[in-house]
Every structure is written in structure tokens, then in C-alpha cells.
Amino acid sequence: MSVLPLNPPDVQIPLLELRHVSKRFVKPIDAATRIANLFGAGVEQEVVHAVDDVTLTIRRGEVVGLVGESGCGKSTLGRMAVGLHSLSAGTRFWKGEDLSLLNAATRRQKQLAIQMIFQDPTASLNPRMRVQDIIGEAPVVHGMVPAAEQQIYVEQLLERVGLDPTVVRRFPHQFSGGQRARIGIARALAVKPEFLVCDEAVAALDVSIQAQVLNLFIRLRDELNLTYLFISHDLGVVRHLADRVVIMYLGRIVESASADAVFSHANHPYTQALLASAPKLEVRKLEFFAVKGEIPSPLHPPAGCHFHPRCPHAMARCQVEVPMLREVAPAHFSACHLND
Ligand code: SF4
């Protein structure tokens with residue numbers, strides 16, 4: 001067994017690499033608390049450790065499924081990958097280049113290749129804009145398409161995502177949920193991305209529509225040579241789509257392996273619990289948390305293994321020692337002291 005290498009030997013430079021990234025959100029103290037502190041109340045700022053020292057490497061053409069319960073930090077990590085959240089610590093590389101070293105204009109230009117598809121297509125589409133402007137605004141602003149050719153460009157994109165191009169002048173409320181999801185995908189594709197972060201992109205859809213949109217993602221990957229970070233709490237969705245699965249718990253990656261390995265030989269006790277709970281992840285979550293004492297959360301992460309004290313195999317060292325990701329089988333990494 002060996003510790004996870006930061007740069008595994010590979011001739012291909014990763015498309016995206018997050019190296020030891022963390023994200024902390026600090027809740028500001030309100031005026032009343034500040035006054036109370038003047039009189040010695042001693043109330044401290046609350047710090048949420050949303051993402052804690054995560055290293056994630058994604059290669060061109062991969063579909064990486066990022067799985068975990070609500071609040072585990074997976075959406076925050078996705079937003080960090082896209083550049084919507086700054087990093088509290090760590091480094092983000094795009095094609096081997098440290099993005100923090102670029103000036104703002106160059107970084108913005110490079111980041112066009114990394115786009116995000118959001119969970120709620122209704123909330124993410126401006127209800128006052130027509131489809132032509134929703135999809136066509138960014139490529140025109142960034143000089144990718146002349147304004148005079150915007151409509152034909154948008155019509156081609158609508159066809160690519162399986163929509164009738166004649167709807168180009170309509171507003172979002174005139175579409176079904178599945179059609180709005182396709183409009184969101186077309187908007188992301190409009191700036192010719194290479195990498196898509198899909199954050200619960202089918203979670204709000206009916207099951208039959210989910211399957212259609214997942215098949216669309218698969219077709220687009222093949223046609224456009226796309227790479228995906230597919231964030232989901234639904235193991236069934238990830239199993240359908242992902243080449244590699246990364247499991248997060250309380251801000252840390254606890255296991256990473258090929259989809260086949262995760263679903264057939266999960267190593268980490270948390271992954272095993274997740275698989276045992278599927279498909280009723282949210283219901284089981286309540287049972288998991290039925291432990292005595294303070295509930296582990298990003299606000300109160302345990303000092304050692306984040307899965308302590310919920311883990312049935314917890315040992316004394318798990319309380320104080322953070323388990324490292326170790327290779328337990330070829331390209332299969334798990335962070336658990338049972339592997340030491
Ligand atoms: Fe369980 Fe300890 Fe492994 Fe964490 S490190 S998963 S508490 S055995």
C-alpha cells in the first residue's frame with residue numbers, strides 16, 4: 001500500500017487538478033454579539049469547514065462521479081473547480097497551469113472552458129430573457145460568435161441538445177422541466193467548454209426524463225470530447241454515467257476508485273454504508289446520525305477521522321488521527337486506518 005501520489009505518473013497532463021484545496025466559510029458576528037463581546041461574552045465567529053484538504057485530479061475524457069450526502073461539501077468543491085468559489089487554501093491547475101498566477105482577464109478567458117450546469121433549471125434561467133439571449137449572450141459577449149449570427153448559432157445548439165430550434169424566441173416558463181434542463185445544457189455548451197461540472201443536474205427531474213437527460217450527457221461527451229465532474233447524492237445516477245467515483249464525507253474525500261471497484265468492492269466503511277442505504281440515502285442519513293453526543297458536521301468536524309463516531313469499526317486512534325488516502329488496490333484509494 002502506498003500514500004496517494006500528488007502527481008501519479010502519466011504522460012497526459014490532467015485537465016483539471018485541485019491540489020490540497022480547502023474552503024472555509026466564516027459567519028460574521030452580528031452587531032448585538034459584537035456589543036456583548038465588549039462586555040466579555042467571548043462569542044467567537046462560526047467557521048464552516050466545507051472542504052478540507054482535498055486533492056482531485058481529472059483527466060481529459062473522464063466522467064468522475066462525486067458522491068456524498070447533503071452538506072458533505074461536494075457542491076462547494078464543484079464551485080471551486082469552476083472558479084465560482086475562491087479557495088481558502090490550495091491550488092487549482094488547468095492543463096497544468098496554476099490559475100492563481102494568471103491575471104484576471106486571462107484567467108476569465110481560460111475559465112470559459114470550465115462550465116457549470118446547475119440543479120434547478122428554473123431558478124438558473126432568467127425568466128425575462130428569451131432562449132436566444134439566455135444561450136447566445138455569452139458567446140457574443142466573448143467574441144466567439146458575431147451578433148448577426150447569434151440566432152442561427154443558438155438554433156444549432158438547441159438541435160444538439162434535442163430541442164426544436166423554432167423555440168428560440170420563447171421564454172423559460174413556456175418549457176417543461178426537462179426542456180429547461182436541456183436549455184441549461186445548451187447555455188453551458190455555447191462557450192465551447194471542455195469540462196462540465198454538473199451539480200445534481202438531473203435531481204429535479206422525473207425519473208423517465210432523468211434517463212433521457214443522462215443519455216444526452218453521454219452522447220455529448222462522445223460528440224464533443226467533454227470531461228465531466230458529475231455531482232450527485234444518487235448512486236444510481238452515478239453508476240449509470242461515471243468512469244470513476246469519488247466519495248466525500250464531511251468535506252474530505254474518503255474513497256476514490258473506478259465505478260466498478262466502488263460498486264463491487266467498496267473499501268471504506270462510509271462507502272459501504274452509503275451503498276447499503278441506497279436508494280434511500282436521505283432516510284438512512286437520519287439513522288446514521290442517531291448517535292449520542294454532538295452530531296458531526298462541517299461546523300463541528302471530529303478531530304481525527306470525520307466518520308468517527310458513526311463508524312462501527314472505530315478505534316481509539318480514529319478520534320485523534322486523520323486517516324490518509326492510501327492505495328488499497330491499483331487506482332483504488334481509501335482513507336481508513338483499517339488499511340494501515
Ligand atoms: Fe472507521 Fe476509523 Fe476507518 Fe474512520 S479511520 S472509517 S473511524 S475505522
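Atoms within each ligand, like the ligands themselves, are counted from 1 in listed order.
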Which residues satisfy the side chain to side chain donor-acceptor pair (under 3.5 Å) test with E321, sequence neighbours excluded?
R317

Aromatic ring proximity F217/F230, centre distance under 6.0 Å
yes

Can K27 be said to sit on top of F25's aromatic six-ring, NZ or CZ under 6.0 Å from centre and within 45° of the ring axis?
no

Under 3.5 Å, which donor-acceptor pairs link side chains of residues 131-143 to any protein atom two or more places apart or in another chain?
residue	atom	partner	partner atom	Å
Q132	OE1	R169	NH1	3.3
Q132	NE2	Q150	OE1	2.9

Any Lys/Arg nitrogen of R19 or E17 sitting under 4.0 Å from an Asp/Glu carboxylate oxygen of the other?
yes

Report for atom 4 (Fe) of ligand 1, protein N, O or S closer than 2.8 Å, by chain and number, lists C305 SG

With sequence neighbours excluded, tell me which residues meet side chain to side chain donor-acceptor pair (under 3.5 Å) with S264.
none

